[in-house]
Amino acid sequence: MSATQVPPSGGAVTVEPMVQVRGVHKVFGHGAGATHVLRGVDLDVARGSVTVVLGPSGSGKSTLLRCVNELEEITAGEIHVGGELMGYRRDAKGVLHRLHPKVVARQRSRIGMVFQRFHLFGHMTALENVMEAPVQVRGLPKDEARSRALELLERVGLADRVDHYPAQLSGGQQQRVAIARALAMDPELMLFDEPTSALDPELVGEVLAVMRDLARDGMTMVVVTHEIGFAREVADHVVFMDDGVIVADGAPGELLDNPTEPRLREFLSHVL
């Protein structure tokens, strides 16, 4: 799954994936009531690629994204983003130690995440929502943050809605503000957790159009979605999860048009 580049000298150099997930487990709860949501997941996401994660509800898709973004602490395994071990440091003996929450927050600031629900601040305009994190987290001067926010809102097609509050925006518009807000932190990686599932069908297209634009610009993206058309058109790599494991993965044409895994065939028969 990792990409290679050929330098002028002709020798191949391996390019480190943007995301490396190795042997990741996530267990919620303890004892007899524990739920084993991720069961030894391995995944590479190449830089500049779009990986779409498919699977039924409860398969672990959203939990995987939340673990990559350090919103959930993994039970076992390792996750690297941009070559950096997430959430832990390894001492001289190879033992892992949990990082201080401030360090984890710094790591997380390199990753943009867009959720099913928009989580916008209702008392702030679209412009203020996009400006907030760069000013408060990165200490960007307000004039600079405002200029950048205006650029991003124009990019997502909302230049005429900058002074509107979330309650004055449609669901699709709110989700586009949420995407602009994530981009305002200049992330290396964008994670999308079913970004269109809460939208009315006629609003889905406007959000997917913004995501297609990001993909064309080379943003590394991991997208949990049921939008098979988007996966077929935009994804470089498709992953199918079921019961906490990756059951099948490959190129979109190979996986979606000629599925050999019975569980994947069954899933596609319900969503296509």
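- Using a distance-only test at 3.5 Å, with no hydrogens or angles considered, a donor-acceptor pair links the side chain of Asn129 to the main chain of Met124.
- Under a 3.5 Å cut-off, the side chain of His36 and the backbone N or O of Leu38 do form a donor-acceptor pair.
- With contacts defined as side-chain heavy-atom distances shorter than 4.5 Å, the pair Leu214/Phe192 qualifies.
- Nearest approach of Ala149 to Leu127, heavy atoms of both residues: CB-CD1, 3.6 Å.
- Rounding to the nearest 0.5 Å places CE of Met219 at 11.5 Å from CE of Met211.
- Looking at heavy atoms from C-beta onward, Val245 lies out of side-chain contact with Val41 at the 4.5 angstrom threshold.
- Remark: side-chain polar atoms of Gln136 are not paired, donor with acceptor, to backbone N or O of Ala133 under 3.5 angstrom.
- Between Ala46 and Ser49, the shortest heavy-atom distance links the atoms O-OG, 2.6 Å.
- Note: Met190 CE to Thr220 OG1 = 11.0 Å, rounded to the nearest 0.5 Å.
- Among all heavy-atom pairs drawn from Ala34 and Val27, the shortest one is CB-CG1, 3.7 Å.
- With rounding to the nearest 0.5 Å, the separation of CD in Gln20 from NE2 in His80 is 6.5 Å.
- Inter-residue side-chain proximity for Thr75 and Lys26 is flagged as met; some heavy-atom pair is nearer than 4.5 Å.
- A heavy-atom distance below 4.5 Å is not found between the side chains of Arg110 and Met185.
- For the side-chain contact (heavy atoms from CB on, under 4.5 Å) with Met113, the lone residue among His119, Arg66, Arg108 that qualifies is Arg66.
- Ser147 contributes no side-chain N or O that, together with a main-chain N or O of Glu144, makes up a donor-acceptor pair within less than 3.5 Å.
- Residue Ala235 comes nearest to Pro252 through the heavy atom pair O-CG, 3.1 Å, listed as atom of the first residue, atom of the second, then distance.
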Residues 154-164 side chain polar contacts: donor-acceptor under 3.5 Å, at least two apart:
unit_1: Arg155; atom_1: NE; unit_2: Asp213; atom_2: OD2; d: 3.2
unit_1: Arg155; atom_1: NH2; unit_2: Asp217; atom_2: OD2; d: 2.5

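- Within the structure, no pair that satisfies the salt bridge (Lys or Arg N to Asp or Glu O under 4.0 Å) test touches residues 118-137, not counting sequence neighbours.
- Gln175 places a side-chain heavy atom less than 4.5 Å from the side chain of Pro195.
- Note that CG of Asn69 is 5.5 Å distant from CG of Leu191, once rounded to the nearest 0.5 Å.
- When the side chains of ILVMFWY residues are joined at heavy-atom separations under 4.5 Å, either directly or via intervening members, Leu96 and Val21 end up in a single hydrophobic cluster.
- To the nearest 0.5 Å, atoms CD (Glu70) and CD (Gln107) are separated by 6.0 Å.
- Leu64 is connected to Leu85 through a chain of hydrophobic side-chain contacts under 4.5 Å among Ile, Leu, Val, Met, Phe, Trp and Tyr, so both are in one cluster.
- Using a 4.5 Å heavy-atom cutoff, the side chains of Ile74 and Tyr88 are in contact.
- Within a 6.0 Å radius of CZ in Arg39, other residues, nucleotides and ligands contribute more than 12 heavy atoms.
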Should Val114 and Asp193 be marked as a side chain to side chain contact (heavy atoms under 4.5 Å, CB included) after you check the CA-CA gap, both sets of side-chain angles, and the distance that decides it?
CA-CA 6 Å; Val114 178; Asp193 186 8; over 6 Å; no

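- Between Asp44 and Arg22 there is a salt bridge, since at least one side-chain N of the basic residue sits less than 4.0 Å from a carboxylate O of the acidic one.
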Kindly indicate, with the supporting measurements, whether the criterion side chain to side chain contact (heavy atoms under 4.5 Å, CB included) is fulfilled by Leu169 and Phe118.
CA-CA 11 Å; Leu169 301 172; Phe118 324 121; over 6 Å; no

N/O donor to acceptor pairs below 3.5 angstrom from side-chain atoms of residues 255-272, sequence neighbours left out:
unit_1: Asp257; atom_1: OD1; unit_2: Arg232; atom_2: NE; d: 3.1
unit_1: Asp257; atom_1: OD1; unit_2: Arg232; atom_2: NH2; d: 2.9
unit_1: Glu261; atom_1: OE2; unit_2: Arg263; atom_2: N; d: 3.4
unit_1: Arg263; atom_1: NE; unit_2: Asp242; atom_2: OD2; d: 3.0
unit_1: Arg265; atom_1: NH1; unit_2: Pro259; atom_2: O; d: 3.4
unit_1: Arg265; atom_1: NH1; unit_2: Thr260; atom_2: O; d: 3.0
unit_1: Ser269; atom_1: OG; unit_2: Glu266; atom_2: O; d: 2.6
unit_1: His270; atom_1: ND1; unit_2: Glu266; atom_2: O; d: 2.8

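- For the residue pair Val207 and Gly172, the shortest heavy atom distance occurs at CG2-O, 3.8 Å.
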Kindly indicate, with the supporting measurements, whether the criterion side chain to side chain contact (heavy atoms under 4.5 Å, CB included) is fulfilled by Val177 and Leu120.
CA-CA 8 Å; Val177 173; Leu120 300 178; 3.8 Å; yes

Run the side chain to side chain contact (heavy atoms under 4.5 Å, CB included) test on Val239 and Leu54 for me, step by step, so that the C-alpha distance in whole Å, both residues' side-chain angles and the decisive distance to 0.1 Å come before the verdict.
CA-CA 6 Å; Val239 171; Leu54 304 174; over 6 Å; no

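- Under a 3.5 Å cut-off, the side chain of Asp236 and the backbone N or O of Val50 do form a donor-acceptor pair.
- Between Arg212 and Val234, the shortest heavy-atom distance links the atoms CG-CG2, 3.6 Å.
- Each of Tyr165 and Leu150 belongs to its own hydrophobic cluster when Ile, Leu, Val, Met, Phe, Trp and Tyr are linked at side-chain heavy-atom distances under 4.5 angstrom.
- Hydrophobic clustering (side-chain heavy atoms under 4.5 Å, transitive across Ile, Leu, Val, Met, Phe, Trp, Tyr) groups Leu203 together with Val223.
- Looking only at side-chain heavy atoms (C-beta outward), Leu208 and Thr196 come within less than 4.5 Å of each other.
- Note that OG1 of Thr51 and CG of Leu189 are 9.5 Å apart. Values are rounded to the nearest 0.5 Å.
- At a threshold of 4.5 Å between non-hydrogen side-chain atoms, the residues Val204 and Glu227 count as touching.
- Residue Leu183 is not grouped with residue Leu140 when hydrophobic side chains (ILVMFWY) are merged at heavy-atom distances under 4.5 angstrom, including chains of intermediate members.
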